[in-house]
Protein chains: 2
Amino acid sequence: MQKEASKEPGADRIEKIDPRFLSTLRDHVHKTLRTAILSGRFAPDERVNERQLAEQLGVSTTPIKEALRQLETEGLVETLPRRGVLIRFNASWAEEMILARAALESMIAHLAAKRIERQEIQRLEEIVAMMGKATEDGVADDLISLNETFHEQIHIASRCQYLSRMIERQQFYDGSIRRVIHSDPLERGRALAEHAAIAAAIISNDSDKAERVMRDHVVRSGETYLNIVFKKKEDI
Amino acid sequence: MQKEASKEPGADRIEKIDPRFLSTLRDHVHKTLRTAILSGRFAPDERVNERQLAEQLGVSTTPIKEALRQLETEGLVETLPRRGVLIRFNASWAEEMILARAALESMIAHLAAKRIERQEIQRLEEIVAMMGKATEDGVADDLISLNETFHEQIHIASRCQYLSRMIERQQFYDGSIRRVIHSDPLERGRALAEHAAIAAAIISNDSDKAERVMRDHVVRSGETYLNIVFKKKEDI
DNA sequence: TTGTGAGATCTGATATACCAGATTTCAGAT
DNA sequence: ATCTGAAATCTGGTATATCAGATCTCACAA
């Protein structure tokens, strides 16, 4: 952080735009703000100011406004016309995002169990095998990566593009927290067992079971996350 | 439509901005475009031009851009940076939107069955009773209105705000099509029976049954819609 | 005929100025 | 001390000009 004076409060919570990366400034702003909100760097109901954000990120208000509109549609901020923009994220929002993901992932698992084909079955089995190995090795980053691949493969087998995109928007744990979660051997074991059960159900075309097991997996791992980040429990 | 020349093609598919209503132009543009897309007034993959839309709607490109960003997050358009904006809606998208709604509504029904309170039970029973009467009377508009109230009451009982908002974004039948659907006595009967079953399951705190019945209801009525609008069937 | 590339052109991306509600401030009246 | 309302101010909303990547055109060379 090489700032000249750092007068503006809160300027340290979001990184200043820097480079030539990212196709558009809007995407960068969106991604930056989303991460900041989901990792709790804004208080619930905190007001944010478009001009101020623009200055902090070193861009004009146009990409800020567009990014805020995206975040608004995602449900992470609320705009009160001519009054202000509020952050909309807290523990119960996180819980509901997990429930949304559980509902959508289980629907996808249901369809994947009905639609999966030979080649995709093989791929899924390979992924689970690799997960088994990674679980033994205990390399968190490998597990995180395989986890994504696993769910992605199920999305592919389901042939649902719209639903897949919706699920992406419910994803909010970042790498550092995943690493904490996966550093626990018990958690690793649980996750492996669940992934194996999901894969088995899908491969055997048991759509009802796939749906159920997937839902339970997403909810349980979501609770693990909530317990770490928000230090509280919730029953479904 | 009081246009001076009407040279631009496609200008008749979207109504020109008119009034002093709606708090912001952005909201009006968003609502207008969303309705136009969902009612099939754009071909799948059709390109739309920001400047052209601005001219057709009689506004500048700023509210157009913001509305397009919202639609993009909703999954109804796709923006290729510096290349164009494409419409993303067709029969399979509609199917998946129905599946998404089914997944989310069933999750909500599940929670509503666990969380509903006395007063809300009474309200739900009243609504179902009114639905029974409206079904006999056969007034489509009353049924449409009660339908909304019914689902809304379940959302309230579930105490899920985020999920409720997500479901709103999956809603895409407009009034005219609903009216067509509800004009069929058989459909009215089916819908009433399903609504009654959903209410009964929620009231008796049978969350698993509520979930199942709600999902089947959303999927079945969605298929009815698809059969009318896209003239095709789909198995789940 | 085919290939090539400079320039015209199309389109979204970005910056900026200004507009208009909403809120706050504060002098002045009661 | 309290109320009132006009003016200053804050904030998002909107319009517009300009930037820059992506494509298309088409003369011109191989």
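Letters go in sequence order (proteins before strands), and every chain restarts at 1. Computed from heavy atoms alone, side chains included, the values below leave out hydrogens, waters and symmetry copies.
For R169(A), there are no side chain to side chain donor-acceptor pair (under 3.5 Å) partners, not counting sequence neighbours. Checked against side chain to side chain donor-acceptor pair (under 3.5 Å), E152(A) has no partners two or more places apart in sequence or in another chain. Among residues two or more places apart in sequence or in another chain, the salt bridge (Lys or Arg N to Asp or Glu O under 4.0 Å) test is passed with R34(B) by E74(B). For the salt bridge (Lys or Arg N to Asp or Glu O under 4.0 Å) test, no residue two or more places apart in sequence or in another chain qualifies with E168(B). Partners of R159(B) under the side chain to side chain donor-acceptor pair (under 3.5 Å) rule, at least two apart in sequence or in another chain, are E120(B). Under the side-chain contact (heavy atoms from CB on, under 4.5 Å) criterion, A67(A) pairs with V29(A), H30(A), Q70(A), not counting sequence neighbours. Remark: E148(A) engages no residue in a salt bridge (Lys or Arg N to Asp or Glu O under 4.0 Å) (not counting sequence neighbours). The salt bridge (Lys or Arg N to Asp or Glu O under 4.0 Å) check on E211(A) picks up R215(B), with sequence neighbours excluded. With sequence neighbours excluded, no residue forms a side chain to side chain donor-acceptor pair (under 3.5 Å) with D142(A).
Looking at residues 70-78 of chain A, you'll see that no heavy atom sits under 4.0 Å from any atom of DNA chain D.
Under a 4.0 Å N-O distance rule, the pair R69(B)/E72(B) qualifies as a salt bridge.
Following rounding to the nearest Å, H28(B) (NE2) and dT14(D) (C1') show an atom-to-atom distance of 15 Å.
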Inset, instruction - Assign a letter to each nucleotide of nucleotides 11-18 of chain C from its 5' end: B, base within under 4.0 Å of a protein heavy atom; S, sugar-phosphate only; -, no contact. - result: BBBBBB-B
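With axes fitted over five pairs at each extremity, the angle between the ends of the helix from dT1(C)-dA30(D) to dT30(C)-dA1(D) is 10° (10° resolution).
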